[in-house]
Amino acid sequence: MSEPTSTRANGATNALLIITVLSAALMLVELYLIFVFAPVESRMGIVQKIFYFHVPSAYAMYIGFGVSAFASAMYLAKRDERWDAFAVAGAEVGALFCVIILATGPLWGRKAWGTYWTWDPRLTTTLLAGMVYFAYIVLRSFGSTGEVEKRFAAGLSIFGILDMPVIHFSVQRWRGTHPTVITGKGGGLHPDMYPALFFGFGLFTLLAVLLIWQRARLERLRQRVLGLEVDAAESGLMEDA
Amino acid sequence: MMLRFVRRVVVIGWLGVAALSFSGHALAQGEADGTADDRAQSFRAVNGGVKEDIPGGPLMLAAYAVVWLVVFGYVVRLVRMHRGVEASLARLERAVGEGALQPHADGSATQQGSPAQHDATAR
């Protein structure tokens, strides 16, 4: 093991540890801000507190899918396995936060709209993004080592990112039922609600970075082990590889 | 095994979304009034006691439970994947170790790099 490699690995592990500790600390602050500092909303009541996790989850989803699409484009350009690892990690973490959005949104909608689901433009386009990236994950689970599958999946990830601006601007361009509280059209939040929201953005950004980084490292390790298994099988060291 | 789990999750997700959409669509159609617009564009603090017709507490608890469960489930998945990679690595180490002990026809031993070195460089 060379010294620079060891130093780099230790540095990455320390950075991950720092982000993990920071995320945990921010989580406690965020819970305090949500449940103690931020006031209860006058018309929706306590269910409005879903907002402080729901909206930052949407931004974390953008980060995950953005990383996946960018890394996919880099993989198609350079054919470097490291980019492929980040593409897989971004898609999985983006899909994770997409699940959170699609689960918490309807629970809020039950109270605010009287229904769990409606085919509002933002809800529909978010569901579409989730389906595209779940298709990516399913495709990768079919054959993660094949070059053709990787290239096709990369194309799918780049295609999926085209939906992100549509999601983001759908509430401004098309009249729907989704709230527009923090967009230019909306009336805004009570001043005491902003700290919980902004801390939420910071927390979920850190969480997304942490999970993407950890998943990419794991994927990279898995790629190396798969490569070694193939080498060992070709050398006759492993019969069952 | 993993593929079956992913397929099951996708199918259950689809069925859930379809059921929710059909059950709530009619209710959503009749609710386009000024109050809904106002509610969609600003959040205000409550004055006095909280009165709710649909109890929001269980809905909020369910939402937070979903967030924790989903994130925790993903972390568990990462841990299981990590164990799988470690098992593969151990299998490789055994195979390479056994191969290194077997002498070649010319009398030399097989020279292979330790998988642990590859493990470190992968980071």
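Computed from heavy atoms alone, side chains included, the values below leave out hydrogens, waters and symmetry copies. Each chain gets a letter, A, B and so on, in the order its sequence line appears, and its residues count up from 1. This one's a predicted model, so the numbers in the text were calculated from it and none came from an experiment.
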Under a 4.5 Å heavy-atom cutoff, which of A:Val225, A:Val93, A:Asp231 has the most pairs with chain B? A:Val225
Contact origin within A:Ile101 toward chain B - heavy atom pairs under 4.5 Å: neither
Looking only at heavy atoms, which two atoms of B:Val66 and A:Ala103 are closest? And how far apart? CG1-CB, 3.5 Å
Side chain proximity check, A:Arg215 to B:Met81, heavy atoms < 4.5 angstrom: yes
Heaviest contributor of heavy-atom pairs below 4.5 Å to chain B, chosen from A:Leu211, A:Leu218, A:Leu207, A:Ile100, is A:Leu218
Once you round to the nearest 0.5 Å, how far does CG of B:Leu59 lie from NZ of A:Lys111? 8.0 Å
Check the pair B:Arg91, A:Glu229 against side-chain contact (heavy atoms from CB on, under 4.5 Å), reporting the backbone distance first and the verdict last. CA-CA 9 Å; B:Arg91 203 157 52 94; A:Glu229 281 180 346; 2.9 Å; yes
Show the nearest heavy-atom pair for residues B:Val85 and A:Arg222, with the distance to one decimal. CG2-CG, 3.8 Å
Shortest non-hydrogen contact between B:Ala63 and A:Thr104, atoms and distance: O-CG2, 3.7 Å
Where B:Phe43 and A:Glu41 come nearest, the two heavy atoms and their spacing: CA-OE2, 3.3 Å
If I compare all heavy atoms of A:Ala232 with all of B:Leu92, which pair ends up nearest, and what's the gap? CB-CD2, 3.8 Å
Using the rule given for side-chain contact (heavy atoms from CB on, under 4.5 Å), can you reason through A:Val99 versus B:Tyr74, listing the C-alpha separation, both sets of side-chain angles and the distance that settles it, and then say yes or no? CA-CA 11 Å; A:Val99 167; B:Tyr74 188 67; over 6 Å; no
Test of understanding: with side-chain contact (heavy atoms from CB on, under 4.5 Å), list the residues that count as partners of A:Gln214, not counting sequence neighbours. A:Leu16, A:Arg217, B:Leu78
Can you tell me how far the CG atom of B:Leu61 sits from the CG atom of A:Leu107, to the nearest 0.5 Å? 10.5 Å
Side-chain donor or acceptor of B:Tyr64 paired with backbone N/O of A:Phe53 under 3.5 Å: no
Counting heavy-atom pairs closer than 4.5 Å to chain B, which one of A:Met27, A:His178, A:His54, A:Arg82 comes out on top? A:Met27
